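Both backbone and side-chain heavy atoms feed into the values below; hydrogens, waters and symmetry mates do not. These figures come from a predicted structure and were not determined experimentally.
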Amino acid sequence: MNINQTNEGTKLTLAIEGRIDTKTAPELEAVIRESLTGIESLVIDLAETVYISSAGLRTLLIAQKQMNTQGEMTVTNVNSDLMEIFSVTGFSDILTII
């Protein structure tokens, strides 16, 4: 997994390449935790993400809960495979996916 960060004032975009799974989710969670100070808009760009496991879903849920207290979070560029995972797990109702 590779995480590309783009910080534009109070907006942070995290573009994630590869797999978000049991091995990589802790790294993503750490990056999110360390980067959210002063952030009002968090964008998770999944254009280059090929897989997300339950550990990855948990990480997105943690980020969403944090952003509910300080701004908004959107998930973008979700391919059909990931969208199916979000739909089946109910995450499509929790996350703002555009």
Side-chain angles (χ1 to χ4, degrees):
M1 178 185 69
N2 189 28
I3 304 168
N4 297 307
Q5 296 184 47
T6 305
N7 201 328
E8 302 169 37
T10 61
K11 177 182 178 183
L12 174 64
T13 301
L14 299 177
I16 303 165
E17 299 174 11
R19 298 170 57 90
I20 308 171
D21 55 25
T22 305
K23 290 183 179 182
T24 59
E27 177 187 348
L28 177 59
E29 187 175 339
V31 167
I32 291 170
R33 191 176 333 108
E34 295 166 4
S35 304
L36 289 186
T37 302
I39 297 299
E40 296 174 6
S41 175
L42 174 62
V43 177
I44 306 290
D45 184 346
L46 299 181
E48 300 297 324
T49 304
V50 296
Y51 174 77
I52 188 164
S53 72
S54 59
L57 293 173
R58 178 184 168 279
T59 301
L60 292 182
L61 183 61
I62 289 168
Q64 180 66 66
K65 286 183 177 181
Q66 177 64 39
M67 289 310 297
N68 284 345
T69 67
Q70 66 189 66
E72 65 180 5
M73 179 176 118
T74 55
V75 181
T76 63
N77 299 313
V78 177
N79 67 39
S80 60
D81 291 338
L82 295 180
M83 193 62 199
E84 184 176 343
I85 292 169
F86 290 147
S87 294
V88 167
T89 59
F91 272 69
S92 58
D93 297 330
I94 298 169
L95 303 174
T96 301
I97 301 171
I98 56 173

Please list every donor-acceptor pair under 3.5 Å in which a side-chain atom of residues 7-18 meets a protein atom from a residue at least two apart or in another chain.
{"unit_1": "Glu17", "atom_1": "OE2", "unit_2": "Asn4", "atom_2": "ND2", "d": "2.9"}

Review item, side-chain donor-acceptor pairs of residues 68-75, under 3.5 Å, at least two apart:
{"unit_1": "Asn68", "atom_1": "OD1", "unit_2": "Gln64", "atom_2": "NE2", "d": "2.8"}
{"unit_1": "Asn68", "atom_1": "ND2", "unit_2": "Gln64", "atom_2": "O", "d": "3.4"}
{"unit_1": "Thr69", "atom_1": "OG1", "unit_2": "Gln66", "atom_2": "O", "d": "2.6"}
{"unit_1": "Gln70", "atom_1": "OE1", "unit_2": "Gln66", "atom_2": "NE2", "d": "2.5"}
{"unit_1": "Gln70", "atom_1": "NE2", "unit_2": "Leu36", "atom_2": "O", "d": "2.7"}
{"unit_1": "Gln70", "atom_1": "NE2", "unit_2": "Ile39", "atom_2": "O", "d": "2.9"}

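Asp21 meets the salt bridge (Lys or Arg N to Asp or Glu O under 4.0 Å) test with Arg19; sequence neighbours excluded.
Cluster annotation: Leu82 and Ile62 are assigned to distinct hydrophobic clusters (Ile/Leu/Val/Met/Phe/Trp/Tyr, side-chain heavy-atom contacts under 4.5 Å, transitive). The same ILVMFWY cluster, assembled from side-chain heavy atoms under 4.5 Å apart, contains both Leu57 and Val78.
Counting only residues at least two apart or on different chains, the salt bridge (charged side-chain N to carboxylate O under 4.0 Å, His left out) pairs with a member in residues 55-66 are Glu29-Arg58. Listed by first then second residue, pairs satisfying side chain to side chain donor-acceptor pair (under 3.5 Å) with a partner in residues 85-98 number zero, not counting sequence neighbours.
Under the 4.5 Å side-chain criterion, counting only non-hydrogen atoms from C-beta, Phe91 is not in contact with Ile97.
Summarising the geometry, atom CG belonging to Asn77 is positioned 9.5 Å from atom OG1 belonging to Thr49; distances are rounded to the nearest 0.5 Å. Expressed to the nearest 0.5 Å, how far CG of Leu46 lies from CE of Met83 amounts to 11.0 Å. Leu42 contributes atom CG, which lies 6.0 Å from atom CD1 of Ile32 (distance to the nearest 0.5 angstrom). Here Thr76 contributes atom OG1 and Ile44 contributes atom CD1; the two are 8.5 Å apart, rounded to the nearest 0.5 Å. Between the CE atom in Met1 and the CD atom in Glu48 there is a gap of 14.0 Å [rounded to 0.5 Å]. To the nearest 0.5 Å, atom OG of residue Ser35 and atom CD1 of residue Ile3 are 8.5 Å apart.
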Exercise. Dump the intermediate steps for side chain to side chain contact (heavy atoms under 4.5 Å, CB included) on Ile20 and Leu60, then the final yes or no.
Key: CA-CA 10 Å; Ile20 308 171; Leu60 292 182; 5.6 Å; no
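The heavy-atom pair separating Ala25 from Gly56 by the smallest distance is CB-N, 4.0 Å.
The hydrophobic cluster around Val50 extends to Tyr51, counting ILVMFWY residues whose side-chain heavy atoms fall within less than 4.5 Å of a member.
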